[in-house]
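Below is one structure, written out as structure tokens; comments come after it.
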Number of protein chains: 2
Amino acid sequence: MNSNNEQPTIDYQALAELRYQIRRFLRFSEQVARAEGIEPQQYQLLLALKGLPTDRKPTVRELAERLQLQHNSTVELINRLAEHKLVERHRDDSDQRQVIVTLTTHGEEILQRQARYHQAELATIGPMLLQALETILAHNQDALNRDSRSQEDKG
Amino acid sequence: MNSNNEQPTIDYQALAELRYQIRRFLRFSEQVARAEGIEPQQYQLLLALKGLPTDRKPTVRELAERLQLQHNSTVELINRLAEHKLVERHRDDSDQRQVIVTLTTHGEEILQRQARYHQAELATIGPMLLQALETILAHNQDALNRDSRSQEDKG
DNA sequence: TCTATAAATATCGGATTACGATATAATTAT
DNA sequence: ATAATTATATCGTAATCCGATATTTATAGA
């Protein structure tokens, strides 16, 4: 046997609980979006746009990073949003390759209403999400502590 | 104007940051799953199965709830997992309508490897996720406090 | 300057997935 | 025994994401 046991125990219930809480939040988000007549991903882009850190330019590439999508998927998403007049495209003057995306007034209105729901919902789901996350982090910390001594049991 | 201002301010950056961190975690998860040769959703079901609270029976319906999917989507997901011999179906003796889903040895191995990656990754991403969540919850709390006095500014 | 390479955005075809509508089988209620 | 309910399954459809590829603009090198 390997006495240098590098393998931490795995808290499956904690990992599963985190996924469950994340899914509940995303599910809620999907339903709010659809109730307001847009697709869930469209809301995400509107939010990413409005909530972009102040030192970033709202280009396609930047938005792709924020949404963790491939750039071409992001282009398609922007196409659909532009069709619905929720965002607009503008070429960047300093670099004509780049496209700057901006919210229209209509887009801003829709975003505001949805974001309000989300923020309110997080008052409910947030603590459960927090709890699930803390349980995992605590478990990891425990594992590290046990590591500095020795460890054999597979709880 | 409405002096009874019920509308809390919205912290778009905090909401966007939370989504960004969630997406980073999920993206990581997708990549781990694909690297191990299964689809991301398949990992989620395996985890939900292994991490199901001890007082729940692993039926299709229960798994659908945990994954926040429609039951028919869950059936299809289980079909694909069963084709790959990662889970098995068994009829419940006490109620023949119900299907009990169990992990195969192979499924368990794949799950274990992936869960380990996830737990380790959460040591990195977790704190950022936590931070994003706490910022929103703190903002909500602030809004409630201001409510008991009065509020006019729209930060 | 001319050319090669890189970077940003866009388009198209293919594959996966989730859902709505509907079907089938087992259980429970009247 | 029949009706209503519950659990699972199937099928067609729509949305989305991605890989491969194209186009335009910017930058580096000879």
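Throughout, protein chains are lettered first and strands after them, A, B, ... in sequence-line order, and every chain is numbered starting at 1. Predicted model only: the values in this text are computed from it and were never measured.
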Atom-to-atom span, [atom1] of [X] to [atom2] of [N] - whole angstrom:
X	N	atom1	atom2	result
A:Asn72	D:dC17	CG	C1'	8 Å
A:Arg56	C:dA8	CZ	P	14 Å
A:Arg61	D:dA26	CZ	P	16 Å
B:Leu77	D:dA9	CG	P	12 Å
B:Gln42	C:dA15	CD	P	17 Å
A:Gln98	D:dA26	CD	P	10 Å
A:Glu65	C:dA8	CD	P	13 Å
B:Leu26	D:dC17	CG	P	13 Å

I want to check one thing: is the phosphate of [N], taken as OP1 and OP2, less than 4.0 Å away from some side-chain N or O of [X]?
X	N	result
B:Ser73	C:dT17	no
A:Asn79	C:dT11	yes
A:Arg89	C:dA10	yes
B:Gln70	C:dA18	no

Within the structure provided, determine whether [X] and [Y] are in side-chain contact (heavy-atom separation under 4.5 Å).
X	Y	value
B:Leu77	B:Leu67	yes
B:Leu26	A:Arg19	yes
A:Arg113	A:Glu36	yes

What contact category does [X] fall into here, base, sugar-phosphate, or nothing, at under 4.0 angstrom with non-hydrogen atoms?
X	value
B:Arg80	sugar-phosphate
A:Glu76	base
B:Thr59	sugar-phosphate

Pairwise salt bridge (charged side-chain N to carboxylate O under 4.0 Å, His left out) hits with a residue in residues 97-107 of chain B, at least two apart = B:Asp95-B:Arg97
Nucleotide nearest B:Glu39 when distance is taken to its side chain, options C:dT9, C:dC19, C:dT17 =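 Comparing C:dT9, C:dC19, C:dT17 against the side chain of B:Glu39, the answer is C:dT17.
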Comparing A:Ile100 and A:Arg23 on DNA chain C - which has the more 5′ nearest nucleotide =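 In this pair, the answer is A:Ile100.
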Are any of the side-chain nitrogens in B:Arg23 or B:Glu30 under 4.0 Å away from the carboxylate oxygens of its partner?
->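 Yes, B:Arg23 and B:Glu30 are salt-bridged.
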Restricting both atoms to N or O, compile the protein contacts to nucleotides 23-30 of chain C shorter than 3.5 Å, with distance only.
unit_1 : atom_1 : unit_2  : atom_2 : d
C:dT27 : OP1    : B:Gln96 : N      : 3.0

Side chains of A:Tyr20 and B:Glu65: do they bring a donor and an acceptor to under 3.5 Å?
-> yes
Which pairs pass ring pair (Phe, Tyr, Trp, His ring centres under 6.0 Å) with one or both residues in residues 57-79 of chain B, sequence neighbours excluded?
-> none
